[in-house]
Structures are given as structure tokens and as C-alpha cells.
Asks: 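Have a look at the structure that comes next, please.
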Amino acid sequence: MVGLTQTVMKIFRLLVAAAAVFSTVSAFAQAKIVLGRLGQTTASTRIYASPTSRSRIYYRAKPYEYLVLKPYNGEGWYKVMLQNGADGYVSAQKVTELPYQVTEKAPTTRNGRTTLGSRSGADVARYSMQFQGTPYKWGGNDVYNGIDCSGFVKKMFGTIGISLPRTAAEQGKVGLPIKRLEDLQAGDRLYFWSSKRNMIGHTGIYLGNGWFINASSGHGQVTTDYLGKPYWLHTLVAARR
């Protein structure tokens, strides 16, 4: 009986070890990153730019709409991930946290930096959000220390193997033209007219829901802006995919 017990224990240990190896291999082959917890609204609610109802409204969520809830220590609010990759805040009273994690495939890294490999414009849009706050620098090409608008767009699309011209005016002639605002998709490139230069003088990447990201000389950094503002609508002259 003792011998049988020992044999069973040996088999059990081998199975446990094999399961651990299989789990490790599977995790390596299908590496994922956790975006947050899954949540669902219990009623119509607003998503704000900061955890106060006095801040700007980013989005109006419908009842039973799913949200990605990010870690946040503030009381009475949840931090949520918006479609354009930005963070918003919603009242905890109108959201139920579900026992599920929201994940996506982890991007690869090269020399300690995140890369995208061969992926879509929507992936470029999400990827670009991590560079918010990078200083604006005329003629700059460094996504960490200083970059201008066309340099930023060129760098972002370079991560998926798309080589764009250096200037916004040149970039505006490349790619599939998008002629209607309602046809815009995340990852489309936007081009704006400069009356001072009498040519296309600014560019950004559309994020979705009316927002785009750009290296802004006015803000002095890479930031997001709302395309629905009169200034941007009046100067938008091209969109490319």
C-alpha cells in the first residue's frame, strides 16, 4: 500500500510539473496585458474628464453599456478607459464591477521600447496615446524628448512599417482619401490648412469619437484635441488612411 501511495504521489508531482510547464509556455506564446476590470453601467450616466461632475463631459454612456475599469483609489468614482485610449471618470453609483479582466495581446519590445510590428491604424492610434506630454519641438524627431506634428505622425506609422514623407504637406498627398467626416476611423491621418503658410501646416491621428492626437505647438506638447471645435473643422482639408 505504501509503495502504491508513493507511486501515485510521483505521478501527481509529474502532472503538476507538466501543467506548470504547459501553463508557462501558453502564457509565453499568448502574452497579454491586462487593461482593467470589466464594468457595466446600471443607468444612463456621463463620463467626465476628471472625478467631478463639474468637469468636461467626455461621453454619455447608455444603460448596460460595458466599460473598462482601471485601477483608481478615489472614492465614489471609477476610472475608465475610453475608445481613444484616454482616461475618463464615472460615478461609482451607476456602475457595477464584473468579475472579469479585460486583456489584449501584449505589444512586442525591442531594445526596451514598445513596438507594434505589422498591425493596423487603430493600433497606431492606441499606441500613440502613451506619448502624451512629449514636448513639442519644431523639426524634432524624438518621441520622448521633442517632436513636431508631422514628425510624430511619421514616427507612429513607422512602427507598423509605413514610411511617410517628413512634412505634413507631403503626407497629405499619400494614402486613401477619406472625404466624409462620418467615414473617419481610428488611425486615419488628419491634415489642416495654415493660412499663414498657404499650405497644409498641421497633422494629427484620429482616435475615434471626434478626438485626435497631435504634437501641438499651441499646447507645447503631444496632446489630444476635439475635431468638432470650429477651428479644427474650418481648417481640416484632408484625411488619409
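The first residue in the sequence is number 1, and the count goes up from there.
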Asks: Around atom CZ of Arg46, are there more than 12 heavy atoms of other residues, nucleotides or ligands at under 6.0 Å?
Replies: no

Asks: Take Arg166 and Asp148 through the test salt bridge (charged side-chain N to carboxylate O under 4.0 Å, His left out) and record every step on the way to the result.
Replies: CA-CA 10 Å; Arg166 180 59 180 85; Asp148 65 13; 3.1 Å; yes

Asks: To the nearest 0.5 Å, tell me how far Thr45 OG1 sits from Lys62 NZ.
Replies: 14.5 Å

Asks: Quick check: Trp232 with Tyr226 (ring centres under 6.0 Å apart)?
Replies: no

Asks: With a 4.5 Å cut-off on side-chain heavy atoms, are His219 and Tyr136 touching?
Replies: no

Asks: Check each of Lys179, Gln185, Arg180 against Asp183 using the side chain to side chain donor-acceptor pair (under 3.5 Å) test, and report the only one that passes.
Replies: Arg180

Asks: Does any part of the side chain of Leu227, heavy atoms only, come nearer than 4.5 Å to the side chain of Leu190, both counted from C-beta?
Replies: yes

Asks: Can you classify the ring geometry of His202 versus Phe192 as parallel (below 30°), tilted (30 to 60°) or perpendicular (above 60°)?
Replies: tilted

Asks: Looking at Tyr206 and Ala125, what are the two nearest heavy atoms and their distance?
Replies: O-CB, 3.8 Å

Asks: Taking the side chain as everything from C-beta on, heavy atoms only, tell me whether Tyr66 gets closer than 4.5 Å to Leu98.
Replies: yes

Asks: Looking at Met199 and Ala169, what are the two nearest heavy atoms and their distance?
Replies: CE-CB, 3.5 Å

Asks: Taking atom NZ of Lys137 as the centre, does the number of heavy atoms from other residues, nucleotides or ligands within less than 6.0 Å exceed 12?
Replies: no

